[in-house]
Each structure stands twice: as structure tokens, then as C-alpha cells.
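Structure record follows, encoded as C-alpha cells.
Atoms within each ligand, like the ligands themselves, are counted from 1 in listed order. Treat the numbers as computed from the prediction; the structure is a model and nothing was measured. The figures here come from the full heavy-atom set of this structure, side chains too, leaving out hydrogens, waters and symmetry mates.
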Amino acid sequence: MLPEEALKNYRKAGQIACNVRNEAHKLVEVGASVLDICEKLENMIRDKGGKPAFPINICINNVAAHYSPPPMEAKTIPVDAIVKVDIGVHINGYIADTATSVGLSVEHEDMIKTAEECLGRAIKTIRPGVKASEVGDAVEKVIKRYGFKPIWNLTGHQLARFMLHTGKSIPNVGKINGSKLDEGEVYAIEPFVTLPQAAGEVKSTNDAYIYRFQKERSVKDEKAKQLMKAIKTNFRNLPFSARWIINELPRGDFNQAFSKLLASKNVTGYPVLVEKSSSVVAQAEHTVIVTRDGCEVTTV
Ligand code: MN
Ligand code: MN
């Protein structure tokens, strides 16, 4: 069992994440600024007493994961898009991770419904002793029953204090990962659905807008050191956006110092992930705590 304090914080983070997810549905509309939506949602997390556990991700159409707008980006939501909004909240390091898909055309409705339904089915399978592959099998079966395809190389993941991805992973297909889930563990379950004729796989691009402190390595630059300290203090190992630290230094100094942290691998970027055959993607995600006889969903 989780200590009471951990449970309390996981639940509070979950509640905030749920409220922010509902707000995201209202903000995503054709022509809306992606940066504006992100900042509004991130501020909403802070206003409610949480901290973003990672930058709000807004992934459009064939972009599956890891897109968050860089500072001053001008991108807007296009017509007929399918928009995934992925939200992370933490309270004292206890994380809630949840995502939803917004369809701006009726043609996306079935795919979004499928993502939600297979997430629901997956959650019903979770109890101590269940194999990760059984959860994945439940996801895959629902997706295929509706005539869609899962993305096999994106997975759910175990969460721990100040750690977004740790321990065991939860696949979106059967036959991968036979490790068993135990009571008191926390997981983000996140099926990704794409079209039947798609590759059903994501690939990395050369763009990265979300970063993480990796390991302290020597860097001979006072401003880079200063920036490093701010990153470690504010985010520890959790992902962050350049938007959140850009005001730590004057702009020219910031760009130079940040480049040095990347080049020296003190900080690494998460490449934006797109569907390999450029197919549209839907996602749904909840965070669950494995209990004695099932699980508690923290993000509903
Ligand atoms: Mn997520
Ligand atoms: Mn996740």
C-alpha cells in the first residue's frame, strides 16, 4: 500500500489534471493559438496549487507525442484536425498524467471513441498480478474490433515520485512485456490509435521542444552553470519547456547557455514523435494506482 501522504498527493494531482483536461476541450478550436492554449492550461495547473509535471503537449494529426510549443511560437489549430492534449500535474513530486483527443471533424469521432473505450477496457484488467501484456492485449483487441490499429512502439509507463517514466511499461498490444503489476504501484495507461492502413508505429523527428536534466557534466561557462542550477532546482528530472526558463538570463545569453547544456548532454531533448506513415493518431490516457483488488483511477 502507498503511504497516506503519497495517496493524498496523487489524488490531488489527479483531480487538478482532470479539471485541466476538461478545460482543454473548451480551448481547442480552429484558429486558436497552440501556445496560448498551453500557457492557459499550465497556468491553470499552477493556480489550482499543482505544478506542471511536464510541458502541456499539443499534438496535431499525425504528430503522436512530445510536441509542446517553443517560446513565441505562432502555430494555430488547423481545420478538421485531431488534437491530442497531454497534461501532467505534480504535487510534491506525485504525478498525474492524463490525455484526451479533440476531434474538429466528425471523421475522427470513431477513432477517438475507440481510444477512450480501449483505455476503459485496459483499466478494468488492472489488479495485482496482472501481466502488462494482458493489459496490452485488452487494448489491442478493442482497437482491432473497431477496425483501427494500435501504435505498438508507444507505451504506458510506471510513475514514481518525481519520475515520469520508470520501471515497467504497459504496451498497447498483447505479446510484449510479461512483467506483473503489483499493489501500490502507479501507472499511466495510454493507448494510441491510428488508421488500419497506417504503419502503426511512430518515428522520431529532428525537432525537440521538451527537455530534461540528464546528468551533471562539467561545463566551463558561468551562465550555463547558472541556468543548470535553475533547471535542477525547479524541475529535477522532470521534463520542462524552454518557455519556463527563458527569463533566467538575457535572451542572447540564454540561447548560448542552453546550447552549451545540450551540447554537453547535461540536458537532453525528447524528439517529436510522428506516425511513420503520416497517419492521424488518437490518444487517451489516465493514471491509476494498483489497489488490493483492482485499481483507483486518479484522473477522473
Ligand atoms: Mn501523458
Ligand atoms: Mn504518459
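Rounded to 10 degrees, the OD1-metal-OD2 angle spanning D97 and D86 at the Mn ion (ligand 1) equals 150°.
H25 and T100 are linked by a side-chain donor-acceptor pair at a separation below 3.5 angstrom, with hydrogens and angles left out of the test.
Y94 and Y10 have perpendicular rings, their planes meeting at more than 60° on a 0 to 90° scale where under 30° would count as parallel.
Sorting the N, O or S atoms of E285 by how far they are from the Mn ion (ligand 1) puts OE1 first.
Not a single N/O/S atom of E190, whether from backbone or side chain, sits less than 2.8 Å from the Mn ion (ligand 1). Look at H157 and the Mn ion (ligand 2): an N/O/S atom of the residue is under 2.8 Å from the metal.
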Distance-only criterion, 3.5 Å: show the donor-acceptor pairs between side-chain atoms of residues 230-239 and protein atoms not counting sequence neighbours.
| residue | atom | partner | partner atom | Å |
| --- | --- | --- | --- | --- |
| K232 | NZ | E216 | OE1 | 2.4 |
| T233 | OG1 | K229 | O | 2.6 |
| N234 | ND2 | A230 | O | 2.8 |
| N237 | ND2 | F213 | O | 3.2 |

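The shortest distance between side-chain heavy atoms of I77 and V34 falls below 4.5 Å.
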